[in-house]
Each structure stands twice: as C-alpha cells, then as structure tokens.
Amino acid sequence: MNVENLRKIGRELFFEIGETRLKPFASESIGKGAAGDKTFPIDRQAEEIIVGSLESLDEPMTIVSEEMGIKESAREGMTGNGTIAVIDPIDGSKNAVSGVPFYCSSIAIAEDTTVGGVSLAYVINLLSGDEFWAERGKGAFFNGEPVHAQESDIFNLIAYETPNPKLDLPRILPLLAEARRTRCLGATALDLSYLAYGSISIFAMPSPSRPFDFAAGYLLVKEAGGLCTDMDGNSLDGVSLGVERSVPLLAAGNRALHERALTLLHG
C-alpha cells in the first residue's frame with residue numbers, strides 16, 4: 001500500500017463523483033450506515049469505488065467504513081489481519097445533499113487498530129480535485145508540494161463543527177470569541193487538511209467524533225507540524241479505529257496555539 005495506490009482511487013472518485021452538483025435535498029436517504037447516520041446515494045457510490053479499489057490490490061486488510069462498518073478482505077482466500085483501512089466515503093455528505101460545495105473522501109491506512117498506528121493518509125476535495133496526503137515521518141503534501149501548518153500564535157481563523165449546536169456552541173464560545181474569523185464548514189477531514197495546509201489556525205469539535213472522520217486528518221496535521229488531541233489535550237494515539245463516536249477534537253497549527261486554545265476552553 002502506498003500513496004500512489006490512494007491517488008489512483010482519488011482520481012476515480014473525482015472522475016465519477018467530482019462533477020456531480022446536487023440540487024438542495026435532491027437525494028433521498030437510502031437507509032442508515034454502520035455509524036448510525038443517514039446514507040445517501042453519493043455515500044454508497046463513493047464507498048463502492050473505494051472498497052472495490054482497495055480489494056483489487058489483493059492485500060490482506062481490514063476495512064472500516066462509515067457506511068458498511070467493518071469488513072475483512074477475502075480476495076483469493078485472504079482474510080484481514082493485515083493493514084487497517086479507515087475510510088469516510090463522503091465526509092460532508094450533508095453538505096453534498098444540501099447543495100453546499102464542501103465535501104471530500106478520506107482514507108487512512110494504519111498498521112494496527114489505533115489512531116497512533118496510522119501511517120498513511122489521503123484526502124481529496126471532491127469539488128476541486130485538490131489532494132492532501134501524508135506519510136508518517138515523511139511530511140504532509142498538497143498536490144505534491146510539501147505543506148506546513150501555521151507557525152504564528154495568532155488565531156487567524158478558527159474552524160469548528162457542532163453536531164449539537166445547543167450544547168456544543170457554549171462550550172467553545174470563549175475560544176471563538178478570540179478569533180479574527182470563524183468558520184463552520186461541515187467536513188472534518190477537509191477542516192484538518194486545510195489546517196495542515198496553513199489556512200486554519202484551530203479546529204474544534206466539542207462533540208465526540210468518529211475515527212473515520214479524523215484518522216487521515218490527524219496524520220496530516222501531525223506531519224505538517226501541528227497537534228491534534230482531544231478537547232482536554234490528551235493524545236489520540238490510543239483511540240480505537242472503530243465506527244463508534246469516541247473523542248471530541250482540538251487541532252492546532254502549533255503548540256503555542258494549542259496551549260492558548262486549551263486555556264480559553266478550560267479557564
């Protein structure tokens with residue numbers, strides 16, 4: 001498994017899905033995925049492309065996906081117990097079906113069943129075709145060019161996600177109030193990717209997030225020089241790569257930004 005394998009999948013996704021522009025709420029839900037969220041046709045289409053492409057590599061792996069849950073590869077008699085592929089076929093699917101042009105596909109490859117085992121990450125913006133990828137120990141990249149997270153300690157732009165606004169927003173208001181600008185964009189993997197790129201200073205998600213939402217973004221941020229922890233500053237390395245909601249997120253371009261954010265969030 002290597003970056004070029006994932007980029008090939010990304011090219012197919014962009015060819016098949018990238019030119020799709022859904023009119024607001026044009027897609028009806030076709031059920032619920034393993035993680036409990038509604039599944040839309042675009043989710044199913046992207047998942048079939050990614051899973052089919054991964055299985056065609058004929059490598060033993062366990063696939064963890066938002067829609068189908070956990071699947072052991074079984075091509076040519078092989079089973080799992082190899083690498084772990086954690087995928088979010090469409091991150092920002094609510095954006096996609098609402099006609100909001102901000103969503104992506106995310107793939108993380110891990111050597112064990114924890115976030116700390118992620119060694120390869122790939123995210124593609126399905127509207128622009130822009131690619132983000134990272135390899136452990138080799139840095140983070142945007143369309144093939146090395147990128148680095150924000151180096152200053154200024155809250156230029158804080159992005160956030162609030163699945164439960166009534167409860168979530170009060171928790172992060174002290175942080176948002178110190179930002180020059182704030183954005184709620186609606187696709188966690190892309191938020192973390194643009195943080196790695198240096199566009200976003202802080203990303204906060206006070207509600208528990210699921211590993212396939214952040215596994216790839218976690219490595220991108222780390223390899224770009226940033227930090228990605230839970231909202232209390234604890235490491236995510238031991239978090240299990242399953243389908244359940246696990247931890248809230250706090251990502252920052254550098255340690256100084258991260259410490260400032262923690263101080264504001266916890267007084």
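Nothing fancy with the numbering, it's 1 onward along the sequence.
- Each of Ile50, Ile124, Val123 was evaluated against Ile107; a single residue qualifies, Ile50, per the side chain to side chain contact (heavy atoms under 4.5 Å, CB included) test.
- Qualifying ring pair (Phe, Tyr, Trp, His ring centres under 6.0 Å) partners for Tyr197, counting only residues two or more places apart in sequence or in other chains: Phe142.
- Under the 4.5 Å side-chain criterion, counting only non-hydrogen atoms from C-beta, Leu250 is in contact with Ile202.
- Counting all heavy atoms, side chain and backbone alike, Val64 lies closest to Ile84 at CG2-CG2, 4.1 Å.
- Both Val147 and Val221 belong to a single network of hydrophobic side chains, linked directly or stepwise wherever heavy atoms of I, L, V, M, F, W or Y lie under 4.5 Å apart.
- The backbone N or O of Arg181 lies less than 3.5 Å from no partner atom in the side chain of Asn156, so there is not a single donor-acceptor pair.
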(Q) For a side chain to side chain contact (heavy atoms under 4.5 Å, CB included) check, start with the C-alpha distance between Ile87 and Leu54, then their side-chain angles and the critical distance, and finish with the verdict. (A) CA-CA 11 Å; Ile87 67 175; Leu54 288 173; 4.2 Å; yes
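- The hydrophobic cluster containing Leu6 also contains Ile49, counting ILVMFWY residues as joined when their side-chain heavy atoms lie under 4.5 angstrom apart, directly or transitively.
- In this model, a donor atom of one side chain and an acceptor atom of the other lie less than 3.5 Å apart for Asn125 and Tyr194.
- Using modelled atom types and a 3.5 Å distance limit, the side chains of Thr188 and Glu161 yield no donor-acceptor pair.
- If you take CG on Asp91 and OG on Ser106, they are separated by 6.5 Å, rounding to the nearest 0.5 Å.
- Taking the side chain as every heavy atom from C-beta outward, Leu241 and Val115 approach each other to under 4.5 Å.
- Counting all heavy atoms, side chain and backbone alike, Tyr122 lies closest to Trp133 at CD1-CB, 4.1 Å.
- Residues Glu55 and Ile63 form a side-chain contact, since some pair of their non-hydrogen atoms from C-beta on lies under 4.5 Å apart.
- A distance of 10.0 Å separates CG in Leu176 from CZ in Phe155, rounded to the nearest 0.5 Å.
- Of all heavy-atom pairs spanning Gly242 and Phe212, the tightest one is O-CD2, 4.2 Å.
- Of the inter-residue distances, the one linking Cys228 atom SG with His258 atom NE2 reads 7.5 Å to the nearest 0.5 angstrom.
- In this structure, the separation between CD1 on Ile109 and CG on Asn2 is 10.0 Å, given to the nearest 0.5 Å.
- Taking both residues in full, the closest heavy atoms of Ala224 and Ala196 are given as CB-O, 3.4 Å, listed atom of the first, atom of the second, then distance.
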Extract all donor-acceptor atom pairs below 3.5 Å that involve side chains of residues 260-267 and protein atoms in other chains or at least two apart in sequence.
unit_1 : atom_1 : unit_2 : atom_2 : d
Arg260 : NH1    : Asp153 : O      : 2.5
Thr263 : OG1    : Glu259 : O      : 3.0
His266 : NE2    : Met231 : O      : 2.7
His266 : NE2    : Asp232 : OD1    : 3.3

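- Linking Ile, Leu, Val, Met, Phe, Trp and Tyr whenever their side-chain heavy atoms come within less than 4.5 Å puts Val97 and Leu13 in one cluster.
- One finds the CZ atom of Phe141 at 13.5 Å from the CZ atom of Phe132 (value rounded to the nearest 0.5 Å).
- With a 4.5 Å cut-off on side-chain heavy atoms, Leu220 and Leu192 do not count as touching.
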Q. Should Thr114 and Val239 be marked as a side chain to side chain contact (heavy atoms under 4.5 Å, CB included) after you check the CA-CA gap, both sets of side-chain angles, and the distance that decides it?
A. CA-CA 5 Å; Thr114 65; Val239 174; over 6 Å; no
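- The shortest distance between side-chain heavy atoms of Leu126 and Ser105 falls below 4.5 Å.
- The minimum heavy-atom distance between Arg7 and Glu131, with the atom names listed, is NH2-OE1, 2.8 Å.
- Of the inter-residue distances, the one linking Leu157 atom CG with Ile200 atom CD1 reads 6.0 Å to the nearest 0.5 angstrom.
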Name the atoms and distances for all side-chain donor-acceptor pairs under 3.5 Å in residues 162-175, with sequence neighbours left out.
unit_1 : atom_1 : unit_2 : atom_2 : d
Asp168 : OD1    : Ser207 : OG     : 2.7
Asp168 : OD2    : Asn164 : N      : 2.9
Asp168 : OD2    : Ser207 : OG     : 2.8
Arg171 : NH1    : Pro206 : O      : 2.9

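- At a cut-off of 3.5 Å, with distance as the only test, no side-chain donor of Glu244 or Ser246 sits close to an acceptor on the other residue.
- If you check the side chains of Tyr218 and Asp237, you find a donor sitting under 3.5 Å from an acceptor.
- One N or O on the side chain of Asn95 and one on the backbone of Leu185 form a donor-acceptor pair closer than 3.5 Å.
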(Q) Run the salt bridge (Lys or Arg N to Asp or Glu O under 4.0 Å) test on Arg136 and Glu111 for me, step by step, so that the C-alpha distance in whole Å, both residues' side-chain angles and the decisive distance to 0.1 Å come before the verdict. (A) CA-CA 11 Å; Arg136 189 166 59 199; Glu111 296 169 356; 2.7 Å; yes
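- Closest of all the heavy-atom pairs between Asp191 and Ala159 is OD1-CB, 3.7 Å.
- Between Phe214 and Leu236, the closest side-chain pair of non-hydrogen atoms falls below 4.5 Å.
- Following chains of ILVMFWY side-chain contacts shorter than 4.5 Å, one cannot reach Leu227 starting from Leu195, and the two form parts of different hydrophobic clusters.
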